[in-house]
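These notes are about the structure you will find just below.
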Amino acid sequence: MDVKDGVAVSIIEDHTDSGSGSGSGMGEGERSGLFSGTLGYMAPGKYSLSRDGNERAFFTATDTVINGAGWICGDAQTVTPCTEEDLEAAAKKGSVAVAVQVEDGVAVTIGEEHN
């Protein structure tokens with residue numbers, strides 16, 4: 001990832017360690033994996049996940065896949081592709097449980113986690 005003035009200007013996906021990092025922990029050192037928790041808004045393109053008193057930050061990119069089923073966007077009957085604007089509004093509203101696949105701190109996919 002190339003960063004200029006604190007903003008990612010290019011992100012390159014790297015699958016060299018694709019067999020590791022998929023856990024449910026919220027450890028600060030884990031930058032890749034599948035994580036779940038309550039979605040929070042930090043800044044444009046920057047979100048947080050809260051779970052069991054721990055918080056993790058992650059970024060979105062233009063190719064992040066965002067899927068909703070009634071909370072982020074759409075309805076409970078169908079999984080629907082959502083926009084960054086939908087995600088931001090849902091995060092600001094609060095109480096949205098999501099599962100996020102993260103690679104090097106950037107969300108690859110974000111989906112609602114209905115129980």
Side-chain angles (χ1 to χ4, degrees):
M1 171 170 37
D2 291 332
V3 178
K4 183 176 183 178
D5 297 325
V7 177
V9 292
S10 72
I11 300 170
I12 300 170
E13 199 168 342
D14 179 8
H15 292 279
T16 56
D17 67 342
S18 61
S20 64
S22 62
S24 60
M26 296 289 282
E28 194 62 36
E30 296 177 31
R31 296 180 37 84
S32 299
L34 179 61
F35 306 103
S36 62
T38 303
L39 181 67
Y41 177 79
M42 299 178 82
K46 185 175 183 180
Y47 299 87
S48 65
L49 278 177
S50 298
R51 183 174 181 174
D52 299 329
N54 295 309
E55 189 170 73
R56 135 182 333 279
F58 67 91
F59 294 93
T60 56
T62 57
D63 60 349
T64 298
V65 175
I66 305 166
N67 292 309
W71 294 337
I72 298 173
C73 73
D75 60 53
Q77 310 307 314
T78 308
V79 175
T80 306
C82 304
T83 66
E84 179 81 23
E85 291 79 19
D86 294 330
L87 181 69
E88 184 175 314
K92 287 179 177 178
K93 197 180 324 178
S95 299
V96 176
V98 295
V100 183
Q101 180 66 45
V102 178
E103 293 294 331
D104 292 326
V106 179
V108 176
T109 59
I110 301 170
E112 295 178 17
E113 187 175 64
H114 293 265
N115 290 328

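Positions are given from 1, in the same order as the sequence printed here.
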Check your understanding: Under 3.5 Å, is there a donor-acceptor pair between the Ser36 and Arg51 side chains?
Key -> yes

Review point. How long is the gap from OG1 on Thr83 to CD1 on Ile72, to the nearest 0.5 Å?
Key: 10.0 Å

Point to revise | Minimum-distance pair of heavy atoms, taken over all atoms of Val106 and Ala61 | key: CG1-CB, 3.9 Å

Practice item. Measure across Cys73 and Pro81 and return the closest heavy-atom pair with its distance rounded to 0.1 Å. Key: SG-O, 3.7 Å

Study note, to complete from the structure: Note: Cys82 and Asn67 closest approach over all heavy atoms is SG-C, 3.8 Å

Practice item. Check whether any side-chain N or O of Asp75 sits under 3.5 Å from a backbone N or O of Thr78 as a donor-acceptor pair, and report yes or no. Key: yes

Practice item. Enter the distance from Ile110:CD1 to Glu84:CD here, rounded to the nearest 0.5 Å. Key: 7.0 Å

Practice item. For the residue pair Val108 and Val100, establish whether any side-chain heavy-atom pair is separated by less than 4.5 Å. Key: no

Review point. In Å, rounded to the nearest 0.5 Å, how long is the span from CD of Glu88 to NZ of Lys93?
Key: 12.5 Å

**Study point:** Side chains of Thr64 and Ile66 in contact at under 4.5 Å (non-hydrogen atoms)
**Key:** yes

Point to revise | Check: Asp104 main-chain N/O paired with Ser32 side-chain donor or acceptor under 3.5 Å | key: yes

Check your understanding: Do Val98 and Leu49 have side-chain heavy atoms sitting under 4.5 Å apart?
Key -> yes

**Study point:** Considering all heavy atoms, the nearest Ser48-Met42 contact
**Key:** CB-SD, 3.7 Å

Check your understanding: Do the non-hydrogen side-chain atoms of Leu87 and Leu39 ever get within less than 4.5 Å of each other?
Key -> yes

Review point. Can you check whether Trp71's main-chain N or O pairs, donor with acceptor, with Glu112's side chain at less than 3.5 Å?
Key: yes

Point to revise | Phe58 side, atom CZ; Phe35 side, atom CZ - distance, nearest 0.5 Å | key: 11.0 Å

